[in-house]
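The block underneath contains the structure these notes are about, expressed in structure tokens.
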2 protein chains.
Amino acid sequence: MNGRTGVPVTIGVMERSSTTSGGSARREATRQKLYEAAVTLIAEQGFSATTVDEIAERAGVAKGTVYYNFASKSVLFEELLRHGVGLLTASLREAAEKTAAQGGSRVDALDAMVRAGLVFIDRYPAFTQLYVAELWRTNRAWQSTLMVVRQQAVAVVEGVLREGVAAGEFSEEIDVPLTAAALVGMVLVAALDWKSFQPERSLDDVHAALSRLLQGRVSGHR
Amino acid sequence: MNGRTGVPVTIGVMERSSTTSGGSARREATRQKLYEAAVTLIAEQGFSATTVDEIAERAGVAKGTVYYNFASKSVLFEELLRHGVGLLTASLREAAEKTAAQGGSRVDALDAMVRAGLVFIDRYPAFTQLYVAELWRTNRAWQSTLMVVRQQAVAVVEGVLREGVAAGEFSEEIDVPLTAAALVGMVLVAALDWKSFQPERSLDDVHAALSRLLQGRVSGHR
DNA sequence: GTTTTTGCACTGACCAGTCAGTTCAAAAAG
DNA sequence: CTTTTTGAACTGACTGGTCAGTGCAAAAAC
């Protein structure tokens, strides 16, 4: 009844993770609305500060509907996490594979992944924000979910680095897990700063700046 | 500028809100305990999920004491933020200046700042965690405090980059603010991952890996 | 030197409000 | 018919903040 159409911050429609194949289209749409509402609210205020009443109101549904569709507030949040990182991982993997298929170098693959990361953050800033805010917390209910999901994403970067080392494109001295984390951090923080403090800049612009840094073209040699 | 003397090892110690001369040692000690308790609890659970009762209990004081020393929960948190980033900024600046005084290049200065950042995170992991979790949130009471304080820290990195460009050590093409953010992110995320997932590694080890990345010695040219 | 007063720092029971989660009858959708 | 949604009332636990009162060490008075 409340004609409340949310902001288009959708986290996307991934294929139902083979849970209940009997998820009707109607129910799915309701869930989608709840995801959208939750992602922005939690990004802004944090999980604990966001109430279920708020989520329901923003989604334009009754509170009872939230509990009809999700077992609890945390379950809703956990599914949000899994889904969002799933999207990112798929996007990174696709970028890497596409580059490889076109005969690009590993540096090119890394660069393509940087861009894919930027595109993702550009599209789902609220999700990214929320993810960063929760990732390094301890003692939380969804910690294990978060770890698993993080590893999936970072593993894609690590994979490319390892291939690069094996192919002699990268120095054998590099520390793969740590370098992967550093690269992810570079993109993450640069992008969040971009969205927060210089939102008018273009993606290409930001990408170019990061490419330069990635390829060591900062120090004047060249 | 709050002219404080002898900064204790812990994150706390801010200027007292009221009388400057009357800060009794006893009161100062109590505040210190409250800072320490708050920083770890908030890092673990987030601001909203952490109760004042918990903070008081962990600090070993009564709840009323918290409100005797701080106007509110958020004020306590804000003072924590200001102080912590103050420490980091000072540390970064010192690293840069020391390098310059010894005739090091700007890359050396950057490298020294990376190490200073790692040392800081190694010493105050909880504070770092908490800072990252709150930085990009919107609509929060302490947003402006956070912005100011962030800029102070990033400005130090930007300063070195600008000097480097002016001196011809860095390419004129680099985007100073964005590159600074990316560098900070690189260190931040790598360090948080280090502390979270490979805490047994040495600081030197992590520093070496980041140095390699910083100096573009990743791609096999060596 | 002893007694009394002062006021800072601290205490913890208490209050008014909030929130996640439950329940359910009834309506809408399919 | 069945599935899904509604919406409001209710519960019980928890929370930020308050406040009258306590303890105590140094100053003041004697």
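Basis for what follows: all heavy atoms, side chains included, without hydrogens, waters or symmetry-related copies. Numbers restart at 1 for each chain; the letters A, B, ... are given by sequence-line order, proteins then strands.
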Q: Choose from C/dC10, D/dT5, D/dG16 the nucleotide whose nearest atom is closest to any side-chain atom of B/Val52.
A: D/dG16

Q) With respect to the phosphate group of C/dC19, does any side-chain polar atom (N or O) of A/Thr51 fall under 4.0 Å of OP1 or OP2? A) no

Q | For atom CZ of B/Arg31 and atom C1' of C/dC8, their distance in whole Å | A | 13 Å

Q: Quickly work out the A/Leu34 CG to D/dT5 P distance and round it to whole Å.
A: 9 Å

Q.
Please report the distance, rounded to the nearest Å, between OH in B/Tyr67 and C1' in D/dT15.
A. 8 Å

**Q.** Atom-pair distance (OH on B/Tyr68; P on C/dG7), nearest Å
**A.** 13 Å

Q: In whole angstrom, give the distance that lies between atom CZ of B/Arg27 and atom C1' of D/dA25.
A: 17 Å

Q: May I have the distance from A/Asp53 (atom CG) to C/dT22 (atom C1'), rounded to whole angstrom?
A: 13 Å

Q.
Can a side-chain donor-acceptor contact be found between A/Thr89 and A/Gln152 if the only test is distance below 3.5 angstrom?
A. no

Q.
What is the distance, to the nearest angstrom, from the CD atom on A/Glu28 to the P atom on D/dT3?
A. 17 Å

Q) Can the ring centres of A/Tyr35 and A/Phe70 be said to be less than 6.0 Å apart? A) yes

Q.
Tell me the interatomic distance from B/Lys63, atom NZ, to D/dG21, atom P, rounded to whole angstroms.
A. 20 Å

Q) Within 45° of the six-membered ring axis of A/Tyr67 and under 6.0 Å from that ring's centre, is NZ or CZ of A/Lys73 located there? A) no

(Q) Whether A/Asn69 contacts D/dT4 is assessed here as follows: a side-chain N or O lying under 4.0 Å from the phosphate OP1 or OP2. Is that the case? (A) no

(Q) Just N and O in the side chain of B/Ser24: are any of them under 4.0 Å from OP1 or OP2 of C/dA9? (A) yes

Q. Below 4.0 angstrom from OP1 or OP2 of D/dT6, is there any side-chain N or O of A/Thr65?
A. yes

Q.
Taking atom types as they are modelled, would you say the side chain of A/Lys73 forms a donor-acceptor pair with the base of C/dG21 within the 3.5 Å cutoff?
A. no

Q.
For a quick check under 3.5 Å, do A/Asp111 and A/Ser211 share a side-chain donor-acceptor pair by atom type?
A. yes

Q: Would you kindly compare A/Thr50 and B/Ala29 by the position of their nearest DNA chain C nucleotide and give the one closer to the 5′ end?
A: B/Ala29

Q. How would you label the contact of B/Val61 with the nucleic acid (heavy atoms, under 4.0 Å): base, sugar-phosphate, or nothing?
A. sugar-phosphate

Q. Applying ring pair (Phe, Tyr, Trp, His ring centres under 6.0 Å), which residue pairs with at least one partner in residues 190-210 of chain A are found, sequence neighbours left out?
A. none

